[in-house]
Amino acid sequence: MDATIRLTHEGFKWRRTPEGAENADSAPEIAELFAHEEGAACFQVVLRAPERFALSTGKKHWYSPAGHRDRYRLDVAAQGAQVQAWIEDGILDDGGCLRADVLLSQEEKEYEAGSAAVVFVQVRAPRTTQVRVRVYHAFGTHPEELLCERTLALSVYPVRLPAPEDYAFYLDLWQHPSNLARKHETPLWSDAHFAVIERYARTMAALGQKSVTVLAGDVPWRGQGCMDNDRFPADLFEYAMVRSVRHADGSVEPDFSVMDRYIDTFERCGVRGDIEILGLCNIWKKDSFDDHPLVPGDPEPYISLPCLDERTGALSYLDKPEQVDAFIAALEAHLDETGRLSRARLSADEPADIPAYRRSVERIRRVAPRLRLKTAINHAEFIPAFSDAIDDFIPSLASVCEQYDELQRIRRDLSGKRFLWYVCCAPAHPNTYLHSDLCETRLIGALTRHMGFDGFLRWAYTTWPADPRRDARYGAFPAGDTHFVYPAANGEPLLSLRYMALRRAIEDFEILRLLDAQGLREQADALAASVLREPDVRKWFHGEEPIPLQEICATDYGDYERLRREALALLSR
């Protein structure tokens with residue numbers, strides 16, 4: 001019974017190489033915690049044992065079906081506090097490493113000899129207190145014995161953040177609801193499916209999510225090329241929330257009921273920002289999927305607007321440009337009738353052809369002039385070319401750095417536009433991949449403020465590959481690029497270390513904003529810059545390749561904790 005126990009900060013990420021080497025012994029020890037009022041203090045418990053063992057976070061007996069073994073049980077408590085503990089699980093990354101990410105709902109897990117067990121602990125306390133950490137040991141049916149007891153001092157600063165739905169930080173996590181139906185085995189758009197959708201919406205709302213993703217047409221991303229991906233098979237097709245009916249007289253009527261229910265679900269959870277409509281412009285084309293144009297002569301010839309023929313019962317797509325025009329006009333009218341038009345944004349994902357995108361924009365302006373445009377841009381030349389037409393700019397980080405001066409000019413000269421930024425399958429760093437240091441996710445809040453932007457977009461919250469609980473790899477996408485949370489068998493979402501780091505990043509932004517509101521902008525600027533090693537983002541890239549991470553930002557998680565603690569101390573004066 002030579003187990004070792006470490007209490008470490010929330011930014012530690014356990015890993016095991018394909019050769020079996022682990023980093024558990026490098027986890028830095030901590031002795032104290034801090035939080036703001038109604039906020040969470042978080043830490044991790046790392047337990048390593050020489051023999052096969054089991055770990056439990058519950059308060060009940062548990063036995064291994066493989067036979068008796070050493071059993072450890074973690075118990076964390078603080079007076080008047082709410083405590084949650086999640087056993088962490090490792091997921092395979094691109095290099096074959098297991099990296100901790102998913103926070104399991106189960107209270108027990110078994111481990112091989114010499115392995116480390118890691119538990120993520122969250123404590124919400126009403127006031128400054130002591131957090132007691134106990135680890136018990138037992139073998140078989142023998143009674144438990146207290147193996148160790150430690151305490152962590154928890155300071156609670158008298159600072160209260162807004163409710164997440166009132167955050168200023170504009171978080172836009174795209175949703176892929178068809179994938180929810182597949183992974184949780186519910187019929188698409190059924191009551192069971194919407195019950196699952198609501199559970200995931202609540203996890204997004206807890207972060208301060210602002211946008212609702214509406215799929216107006218079928219497969220706008222052509223399944224992210226899943227039909228060409230033999231190495232990592234997956235079904236990533238997304239299906240429309242709107243289906244039209246072709247009546248016997250030839251007229252076409254769109255049905256917006258599923259779309260309305262989806263928006264209602266997110267609004268009920270507190271997500272009441274823009275309604276981001278995808279599938280109507282900049283439709284991706286894949287040669288292996290698109291063997292013919294669906295709407296010849298249309299500005300978007302591969303637009304896939306599903307239609308049911310009332311007379312024959314056959315499924316097809318709208319196939320004439322005038323039908324597409326009428327569909328978009330009807331969508332605008334419906335959004336107006338339901339009081340949601342001002343929130344609607346017609347979104348394009350990474351257009352690559354300026355003339356083609358201009359034709360699509362001109363069509364929208366002609367048939368639905370009140371629909372505003374939102375564009376994710378990974379070609380920097382689109383920024384000056386469409387500065388007047390686009391209402392919400394979302395450049396990739398590389399494009400931000402390349403067009404930083406132009407973006408600041410647009411912010412200054414063209415008021416009323418919203419500016420987000422994003423990362424996806426590039427750059428190598430900073431990013432939010434499975435292999436990324438959690439510092440890279442934590443940087444998002446301070447960096448967003450430093451650049452003067454409104455928020456951050458991430459293209460995938462639940463676009464899981466075939467077996468995300470085991471293997472996060474998918475095609476050319478770095479492991480973890482396709483999701484922030486994981487699917488549980490009971491229809492619930494499982495959170496992740498990256499989710500928790502993103503929550504911290506957004507809280508950093510809000511804390512710095514409170515400093516601004518108290519007239520402490522200079523101090524807030526200095527704190528935001530304290531985690532940037534190169535504050536001039538224009539120097540972050542050489543072509544498409546980023547400079548080394550340690551030259552971009554702090555790679556010690558303690559630097560981000562110091563930013564937070566110093567900001568809370570200033571606000572507490």
Side-chain angles (χ1 to χ4, degrees), residues 10 34-42 122 124 156-175 198 200-213 263 265-276 342-343 345 374 392-394 411 416-423 432 441-459 461 484-485 493 495-496 498-518 520-521 524-525 527-528 531 560-561 563-565 567-568 570-572:
E10 63 188 86
F34 67 95
H36 58 270
E37 283 187 8
E38 299 183 356
C42 299
Q122 174 178 281
R124 294 183 185 272
V156 179
Y157 288 91
V159 176
R160 184 169 296 186
L161 299 189
E165 64 187 72
D166 297 322
Y167 282 171
F169 189 91
Y170 210 92
L171 179 63
D172 185 358
L173 300 170
W174 281 356
Q175 301 112 52
E198 182 161 348
Y200 281 83
R202 293 195 182 283
T203 66
M204 302 170 81
L207 293 173
Q209 169 75 4
K210 296 291 188 286
S211 295
V212 182
T213 306
I263 297 170
T265 299
F266 273 79
E267 289 178 346
R268 187 165 60 251
C269 295
V271 180
R272 301 184 180 91
D274 65 36
I275 298 166
E276 190 166 6
S342 63
R343 294 165 50 201
R345 302 287 189 276
K374 181 175 186 177
D392 289 24
F393 274 95
I394 318 172
R411 287 183 62 240
K417 295 182 183 291
R418 185 180 294 132
F419 289 80
L420 313 182
W421 62 282
Y422 75 95
V423 290
T432 60
T441 302
R442 182 74 182 264
L443 176 68
I444 289 169
L447 178 58
T448 300
R449 187 194 177 282
H450 176 75
M451 297 189 303
F453 276 34
D454 300 296
F456 174 76
L457 177 142
R458 195 69 176 77
W459 75 275
Y461 191 62
F484 257 106
V485 294
L495 305 183
S496 70
R498 292 177 295 140
Y499 175 99
M500 294 299 190
L502 179 59
R503 182 182 68 174
R504 279 289 189 244
I506 295 166
E507 290 174 351
D508 289 344
F509 182 95
E510 295 299 319
I511 289 169
L512 293 169
R513 183 170 172 271
L514 289 179
L515 288 175
D516 293 339
Q518 290 194 10
L520 300 173
R521 180 175 292 276
D525 288 342
L527 287 171
V531 293
Y560 299 86
E561 291 291 85
L563 179 161
R564 182 185 184 85
R565 185 187 284 274
L568 290 173
L570 284 170
L571 291 167
S572 300

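Please read these numbers as outputs of a predicted model, since none were measured by experiment.
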Any donor-acceptor pair under 3.5 Å linking the side chain of [X] with the backbone of [Y]?
X: Asp454; Y: Leu420; answer: no
X: Gln175; Y: Ser211; answer: yes
X: Glu510; Y: Phe169; answer: yes
X: Gln209; Y: Leu173; answer: yes
X: Arg498; Y: Thr432; answer: yes
X: Arg521; Y: Asp516; answer: no

Query raised in the report: Which of these, Arg503, Arg449, Arg442, sits in a salt bridge (Lys or Arg N to Asp or Glu O under 4.0 Å) with Asp508?
Result: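 Only one of Arg503, Arg449, Arg442 forms a salt bridge (Lys or Arg N to Asp or Glu O under 4.0 Å) with Asp508, namely Arg442.
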Report task. Among Arg345, Arg458, Lys374, find the one that has a salt bridge (Lys or Arg N to Asp or Glu O under 4.0 Å) with Asp172. Result ->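 It is Lys374; the other options fail the test.
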Any chance you could measure [X], atom [atom1], to [Y], atom [atom2], to the nearest 0.5 Å?
X: Arg160; Y: His36; atom1: CZ; atom2: NE2; result: 9.5 Å
X: Trp421; Y: Ile394; atom1: CH2; atom2: CD1; result: 13.0 Å
X: Ile506; Y: Leu161; atom1: CD1; atom2: CG; result: 11.5 Å
X: Thr265; Y: Arg268; atom1: OG1; atom2: CZ; result: 4.5 Å

Query - Worked check of side-chain contact (heavy atoms from CB on, under 4.5 Å) between Val423 and Phe456 - result: CA-CA 9 Å; Val423 290; Phe456 174 76; 3.9 Å; yes
**Report entry** Residues in ring-ring contact (aromatic ring centres under 6.0 Å, His included) contact with Tyr200, at least two apart in sequence or another chain
**Finding:**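 ring-ring contact (aromatic ring centres under 6.0 Å, His included) list for Tyr200, sorted by chain: His184, Trp464.
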Report task. Take Trp174 and Glu276 through the test side-chain contact (heavy atoms from CB on, under 4.5 Å) and record every step on the way to the result. Result -> CA-CA 9 Å; Trp174 281 356; Glu276 190 166 6; 3.0 Å; yes
Minimum heavy-atom separation for [X] and [Y], please, with both atom names.
X: Glu198; Y: Cys269; result: CG-SG, 3.8 Å
X: Pro158; Y: Ser572; result: CD-OG, 3.4 Å
X: Leu568; Y: Ile511; result: CD2-CD1, 3.9 Å
X: Leu457; Y: Tyr422; result: O-CB, 3.1 Å
X: Glu165; Y: Gly270; result: CB-O, 3.5 Å
X: Pro493; Y: Thr203; result: CG-CG2, 3.4 Å

Requested in this report: Give the ring-plane orientation class for Tyr157 versus Phe34, where under 30° counts as parallel, over 60° as perpendicular and anything between as tilted.
Outcome: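 Plane angle over 60°, so perpendicular.
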Query raised in the report: Does Glu561 come within less than 4.0 Å of Arg564, counting only side-chain N to carboxylate O?
Result: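 Between Arg564 and Glu561 there is no salt bridge, as every charged N stays at least 4.0 Å from the carboxylate O atoms.
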Query raised in the report: Taking the six-membered ring of Tyr560 as reference, does the NZ or CZ atom of Arg504 fall below 6.0 Å from its centre and within a 45° cone about the axis?
Result: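 Cation-pi check for Arg504 and Tyr560: fails.
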**Report entry** Tyr499 ring center near Phe484 ring center (under 6.0 Å)
**Finding:**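 Ring centres of Phe484 and Tyr499 not closer than 6.0 Å.
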**Report entry** salt bridge (Lys or Arg N to Asp or Glu O under 4.0 Å) evaluation trace for Arg343 with Glu267
**Finding:** CA-CA 12 Å; Arg343 294 165 50 201; Glu267 289 178 346; 2.6 Å; yes
Requested in this report: Using the side-chain hydrogen bond (donor to acceptor under 3.5 Å, both in side chains) rule, take Tyr170 and Asp274 through it: C-alpha gap first, then chi angles, then the decisive distance, then the call.
Outcome: CA-CA 10 Å; Tyr170 210 92; Asp274 65 36; 3.2 Å; yes
Report task. Decide yes or no on side-chain contact (heavy atoms from CB on, under 4.5 Å) for Leu570 and Leu527, but give the supporting numbers first. Result -> CA-CA 11 Å; Leu570 284 170; Leu527 287 171; 4.2 Å; yes
Query raised in the report: Taking only residues two or more places apart in sequence or in another chain, which ones pass side-chain contact (heavy atoms from CB on, under 4.5 Å) with Ala517?
Result: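 Ala517: no side-chain contact (heavy atoms from CB on, under 4.5 Å) contacts found.
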